[in-house]
*Asks:* 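Questions regarding the structure given below will be posed in turn.
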Number of protein chains: 2
Amino acid sequence: MVKKETIPAYTHAYEYIRDQILNGELERGTKLTEERLAEEIGISRTPVREAIRKLEQEGLIQNKRVVNPSDMDLRHIFQVRILLEGFAARYCASYMTEEALEKLKSCVEIGRTGTTEEVMTANYEFHQIIVGATNNPMMIDIIDRMQSIIYLFRKTVVYHKRPLLIEEHNDIYLAILQHNGDEAERLMKDHIQKDLEFCLNRMRM
Amino acid sequence: MVKKETIPAYTHAYEYIRDQILNGELERGTKLTEERLAEEIGISRTPVREAIRKLEQEGLIQNKRVVNPSDMDLRHIFQVRILLEGFAARYCASYMTEEALEKLKSCVEIGRTGTTEEVMTANYEFHQIIVGATNNPMMIDIIDRMQSIIYLFRKTVVYHKRPLLIEEHNDIYLAILQHNGDEAERLMKDHIQKDLEFCLNRMRM
DNA sequence: TTAAATTATTTTGTATACATTTTTTATGAA
DNA sequence: TTCATAAAAAATGTATACAAAATAATTTAA
């Protein structure tokens with residue numbers, strides 16, 4: 001016997017609703033009702049309610065609606081990202097396992113040669129790897145939440161099409177490789193700032 | 001008619017349990033059971049459960065027990081604080097309302113002349129004011145959570161007795177007043193770092 | 001006595017019912 | 001028509017019951 005085999009209904013509900021939101025099947029601003037979701041998933045309201053509350057705390061739901069962040073919200077989120085990920089990049093420059101370095105490199109590689117889907121995933125992972133390398137669960141958790149909110153806009157804002165994005169990733173990777181912490185931090189901050197600007201521009205279109 | 005007048009039971013439960021934890025009436029590591037709390041508060045398990053889940057997400061409860069952060073956990077928390085509050089101090093140096101500046105000054109003043117309780121509150125507020133001035137709800141929320149976890153140690157670690165604490169606050173205040181962002185950030189980071197070290201030392205005693 | 005296994009007990013997870021609140025729709029006065 | 005009000009419908013909040021799982025206590029074999 002390994003571990004759990006029965007997944008609780010509220011976990012199921014949580015994953016189901018979260019997926020729907022991140023897929024865009026539940027659009028930004030959509031009103032969520034416990035009963036409808038419960039019926040849809042085939043469980044009672046109780047665990048659905050629990051799942052909704054959790055998503056509410058994570059910022060994906062705001063008073064029973066799928067969150068629809070404003071320009072300002074995004075600026076705030078990106079500000080936090082700049083600070084935490086800037087630090088993370090610097091941290092990686094001081095030390096990073098061979099394995100993680102390899103992964104970073106491969107993300108850049110895929111960014112150049114992969115399919116649209118692959119590129120998107122690789123770009124996302126590039127940041128995940130850097131933050132993950134800090135081994136700071138608080139930081140990882142915070143960034144995770146912010147990333148998922150940003151992810152809501154992936155249809156509107158096709159990030160992977162931003163010019164120079166991959167080259168910026170590569171530059172960050174190189175700075176880390178060369179143990180140049182100052183540079184790694186600076187590049188990461190600039191990079192995220194450019195992402196924000198790209199994002200805000202696209203949202204107005 | 002103004003607004004709400006009936007406070008939902010889960011809000012009541014949330015506040016009640018949170019208070020108990022922060023007061024230390026529920027000690028670190030204490031197991032929480034829904035039924036006992038429900039009975040104590042005089043409501044059913046449902047809203048209590050909701051409250052517990054919320055506190056779990058906030059990091060004050062971890063698998064049904066009052067959280068008991070390790071050294072490492074505190075390091076991680078303080079690392080995030082250093083980054084966000086360092087930025088906040090810099091931000092304040094670029095612009096801060098007269099009102100907020102006055103409040104900062106008064107916190108330093110109380111730090112020098114107030115009673116133990118007053119000093120503790122003023123020191124706490126000093127940081128709150130600076131973070132609040134960024135008007136970044138994400139940042140405010142993150143810092144809030146971390147502060148409440150740190151607050152759990154206020155009995156073990158009598159922060160206000162740390163030497164130089166008030167003078168450090170005053171230096172930060174002055175740097176902000178003089179619009180010296182670099183200095184404000186640096187001082188804030190050093191200050192929080194010293195708090196961490198003080199805290200870790202005390203925990204081992 | 002120790003440790004495994006079994007049984008009791010407690011605690012959690014889920015469904016359901018109902019009361020309360022909120023939202024929507026309908027109705028009527030200006 | 002527009003606005004306010006009333007009535008209806010929908011959705012949420014809470015209590016309760018019971019099933020399932022986790023913990024604690026007890027028994028039994030080595």
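Protein chains get the first letters and strands the later ones, always in sequence-line order, with residue 1 at the start of each.
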*Asks:* Quickly work out the I7(A) CD1 to dA20(D) P distance and round it to whole Å.
*Replies:* 17 Å

*Asks:* Distance check needed: dT9(C) P versus R36(B) CZ, whole Å only.
*Replies:* 21 Å

*Asks:* Look at R49(A) and dG13(D) and indicate whether a side-chain polar atom (N or O) is within less than 4.0 Å of OP1 or OP2.
*Replies:* yes

*Asks:* Between P on dA15(C) and CD on E39(A), what's the gap in Å once rounded to a whole number?
*Replies:* 13 Å

*Asks:* Y10(B) has an atom OH; how far is it from atom P of dT14(D), in whole Å?
*Replies:* 7 Å

*Asks:* Which of these nucleotides, dA15(D), dT14(C), dA15(C), is closest to any side-chain atom of I43(B)?
*Replies:* dA15(D)

*Asks:* Going by salt bridge (charged side-chain N to carboxylate O under 4.0 Å, His left out), D195(B) matches just one of R162(B), R75(B), K189(B), R202(B). Which one?
*Replies:* R162(B)

*Asks:* Grab the CZ-P distance between R45(A) and dT12(D) for me, whole Å please.
*Replies:* 7 Å

*Asks:* I need the minimum non-hydrogen distance between I192(A) and E85(A), along with the two atoms involved.
*Replies:* CD1-CB, 3.6 Å

*Asks:* What integer distance in Å separates E35(A):CD from dT16(C):P?
*Replies:* 11 Å

*Asks:* Quick one: does NZ or CZ of R154(A) land under 6.0 Å from the six-membered ring centre of Y151(A), within 45 degrees of the ring axis?
*Replies:* yes

*Asks:* Under 4.0 Å: is that the gap between some side-chain N or O of S44(B) and OP1 or OP2 of dA15(D)?
*Replies:* yes

*Asks:* Select base, sugar-phosphate, or nothing to describe what L37(A) touches, counting heavy atoms under 4.0 Å on all strands.
*Replies:* nothing

*Asks:* So which one's nearest nucleotide on DNA chain C is more toward 5', R65(A) or P47(A)?
*Replies:* P47(A)

*Asks:* Measure the CG-NE2 distance between N135(B) and H76(A) for me, rounded to the nearest 0.5 Å.
*Replies:* 6.5 Å

*Asks:* Rounding to an integer number of Å, can you tell me how far I52(A) CD1 sits from dG13(D) P?
*Replies:* 10 Å

*Asks:* Using atom CD of E34(B) as one end and atom P of dT14(C) as the other, report the distance to the nearest whole Å.
*Replies:* 11 Å

*Asks:* Below 3.5 Å, does any donor atom in the side chain of T33(A) face an acceptor in the base of dA11(D), or the other way round?
*Replies:* no

*Asks:* Could you say whether K31(B) or T46(B) is positioned toward the 5' end of DNA chain D, judged by the nucleotide with the nearest heavy atom to each?
*Replies:* T46(B)

*Asks:* Can Y14(B) and E58(B) be said to form a side-chain hydrogen bond (donor to acceptor under 3.5 Å, both in side chains), step by step?
*Replies:* CA-CA 11 Å; Y14(B) 169 78; E58(B) 290 181 14; 2.7 Å; yes

